[in-house]
Amino acid sequence: MKAIIIDDEKHVRDVLRMLAQWERFGIDEVLEARDGEEAVRLIERHRPEIVFTDMNMPTMDGIKVLEWLQRHAGDCKTIVISAYDDFHYMRSAIFYGSFDYILKPIEPALLNETLERAVEEWKREALNRKSALENDRVASEAKPLYWDRLLSSMLSRAPAPDAAGQLEREFGVAAGRTLFKIWLMPVHAFAAVKYGGNTEVAFSALLPVVNGVLRTSGSGIAFRNLDKRDELAMLVWNLQDEEALARHLLGAVRQEVRMQPIVAAGKEARQVADAYESARYTLIKCDLEEAPRERQPVRFEEVKPRAVLHLLNYAQELRWAIQSGSTESVDRLLDGIFETLQASGGMTLEQLHNWESQYGLLQANWLQEYDIRDGGSLHRGDGYWEEDGRFSFRRFRDEKRGQFHSLIGLLHGLKYRKEKNSIREIALFLRQNYKREVTLQEISDRFFLSREYISRKFKQEFGVTITDYVTQVRIEKAKELLENPHLKIYEIADFVGYQNDKYFIKVFKRAEGVTPSEFRSFAAAARQACGS
């Protein structure tokens, strides 16, 4: 905290500085002024919380100081120090809100008791001011949200209770009697280009600009349509010069964010929901490449019905193309889809939302099919807005190709790894069951793969057929068992899966070039030689 002593006599300032227990009351800086004019300059610069002032001073006396403090520093606590027990001075001190009045000569106990009370009262009032400011801040922040909810409800056929009454009380316009229009501005382009895809930041930037224009004209209010993720709505009325207002508004937005906004204007109606219905139709049906205009919104009368292409209609073809792992196959299919889109009249907001929604469903389904839980590394495919806010079909086409290419890379790589793992799991299964006859159909049923696929992939991975692989496993196990001199050849044959020992001997000799008995003899001789 800070304090200032205002007195034209230096010895009085010195006495006050010496007698007051500044540190005890949390005051760490004490300023001095010889007259009122010097005091004003110091107070403006340092904003002290406690002011001691004499009443009888040259140039600018204590009464004028108190008057100035009341107008310019009303939060501080002022203690008058005077040698005059004068009713005029006391009355002025009271009138201008002085905290207390102390007579000279100054008594230390009274001085510090008064200073303590002044500090405590300043702190109490500061806490109240802080609380009031916080309440004002909360109310200020809550008010836009309140109107967002209230007006969003009026866009539907089920408005909030007394929504129309609140609108009339606040703005003097009545549903059913006033002619309304709704203007709609999508914020997704602003969010994508300027704010890293964050629509919250986009709304925070746009709403003050739009509401500033509407408030100045007295013709409307802008709000966030809470039922649509990226829709800034404007309720306008009593339009004397709609074109001039639109020019002003579009220009203000462009100047603020350096982008050209899309604004769709519906038909005039006495019910807000009716006005919104036509505005929404205008927004979703307008051509995105033509919609951003420098001076005027797109109007209801200008848009035409357009068919919507459904990506789900191409789901099977896209799935086959992705499974092939061929980007060329996907590109050929996408080129046909893009041509159909352009032939239908270009891209609309309805078509864009439809594409993104259906692609999201397809991608989620494909990822689930391959048991992929995190697709965060995939290309987002949403960079189809120019820097000035215009939609670019060329960018859209490139982004969507990139999105599918990214998906192919992820799925095809994982499919290859999973296929390789599946073949190795089959090999492990064969090693664990080499004693019995395992059919190709049993393997197919167990691993959910076709017999032809298993045969082909197994040969590619191990260089031998499944039958030859099982034979290798059996021969290797037989060679281990032949080292035991106590086991008969027919016992070993049976143990490794050959019920006919003669057939076992034939297979063994074909694989090793010697009979089992000869192999045993050679192995025994080799061990004996090593032992000697």
Side-chain angles (χ1 to χ4, degrees), residues 314-334 362-375 377-379 401-481 493 495-500 503-514 516 519:
Y314 300 86
Q316 190 59 55
E317 294 94 326
L318 288 168
R319 185 172 183 272
W320 289 335
I322 289 171
Q323 285 180 337
S324 73
S326 169
T327 55
E328 291 81 4
S329 297
V330 170
D331 286 347
R332 282 194 298 272
L333 181 56
L334 288 175
L362 291 173
Q363 177 179 287
N365 184 59
W366 292 327
L367 294 180
Q368 184 178 20
E369 182 179 337
Y370 284 82
D371 196 27
I372 301 174
R373 297 185 180 181
D374 182 15
S377 62
L378 291 170
H379 182 59
R401 281 202 188 101
Q403 205 170 24
F404 276 95
H405 290 183
S406 172
L407 188 62
I408 286 174
L410 176 65
L411 298 185
H412 194 64
L414 183 66
K415 179 183 177 184
Y416 174 76
R417 292 194 298 273
K418 291 188 77 172
E419 287 173 350
K420 193 167 184 176
N421 290 340
S422 296
I423 297 303
R424 292 190 175 276
E425 288 175 7
I426 290 171
L428 176 61
F429 176 73
L430 292 172
R431 289 196 298 274
Q432 293 171 341
N433 294 274
Y434 70 92
K435 295 181 183 180
R436 65 182 184 85
E437 293 297 328
V438 178
T439 67
L440 190 56
Q441 186 61 51
E442 180 184 352
I443 298 171
S444 175
D445 294 340
R446 182 179 184 87
F447 290 93
F448 305 102
L449 297 169
S450 72
R451 292 179 300 176
E452 295 76 11
Y453 177 84
I454 293 170
S455 297
R456 184 176 70 258
K457 288 293 183 180
F458 197 94
K459 180 73 179 288
Q460 290 175 357
E461 180 69 19
F462 293 100
V464 295
T465 65
I466 289 177
T467 301
D468 290 342
Y469 184 83
V470 173
T471 299
Q472 288 178 358
V473 173
R474 287 176 171 180
I475 295 301
E476 290 302 316
K477 189 62 181 178
K479 287 161 65 175
E480 293 176 16
L481 295 173
F495 187 86
V496 298
Y498 294 103
Q499 295 178 353
N500 186 320
Y503 181 67
F504 165 64
I505 294 170
K506 182 179 179 180
V507 172
F508 192 95
K509 186 173 182 179
R510 185 168 62 244
E512 298 296 322
V514 295
F519 180 87

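A quick note: this is a predicted structure, and the numbers were derived from the prediction, not measured.
Val496 pairs in a side-chain contact (heavy atoms from CB on, under 4.5 Å) with only one of the listed residues (Lys435, Lys477, Lys479), which is Lys477.
Within the model, atoms CD1 of Ile454 and CD1 of Ile426 stand 4.5 Å from one another, a figure rounded to the nearest 0.5 Å. Leu333 contributes atom CG, which lies 8.0 Å from atom CZ of Phe404 (distance to the nearest 0.5 angstrom). Note: Tyr314 OH to Trp320 CH2 = 14.5 Å, rounded to the nearest 0.5 Å. The distance from atom NZ of Lys457 to atom CZ of Arg424, rounded to the nearest 0.5 Å, is 13.0 Å. Here the CZ-OG1 distance, from Arg332 to Thr327, works out to 9.5 Å after rounding to the nearest 0.5 Å. For the atom pair NE2 of His405 and NE2 of His379, the computed distance is 10.5 Å after rounding to the nearest 0.5 Å.
Ring geometry for Phe519 versus Phe508: interplanar angle over 60°, hence perpendicular rather than tilted (30 to 60°).
Residues Ser406 and Ser377 approach most closely at OG-O, 4.4 Å, considering heavy atoms. The shortest heavy-atom contact between Pro516 and Ile505 is CD-CG2, 3.8 Å.
Here the side chain of Arg474 pairs a donor or acceptor atom with the backbone of Tyr434 at under 3.5 angstrom. Side-chain atoms of Ser444 never come within 3.5 Å of backbone atoms of Leu440 as a donor-acceptor pair (strictly under, hydrogens ignored).
More than 12 heavy atoms of other residues, nucleotides or ligands lie within 6.0 Å of CD in Gln441, so this atom counts as buried by the packing criterion. Residue Gln316 places its CD atom among more than 12 non-hydrogen atoms of other residues, nucleotides or ligands, all under 6.0 Å distant.
In this structure Ala427 satisfies the side chain to side chain contact (heavy atoms under 4.5 Å, CB included) test together with Arg431, Phe458, Phe462, Tyr469, sequence neighbours excluded. Applying the side chain to side chain contact (heavy atoms under 4.5 Å, CB included) rule to Arg510 yields the partners Lys506, Val507; only residues at least two apart in sequence or on another chain are considered.
For residues 442-453, the salt bridge (Lys or Arg N to Asp or Glu O under 4.0 Å) pairs, not counting sequence neighbours, are Arg436-Glu442.
At a cut-off of 3.5 Å, with distance as the only test, a side-chain donor of Ser326 or Glu328 sits close to an acceptor on the other residue.
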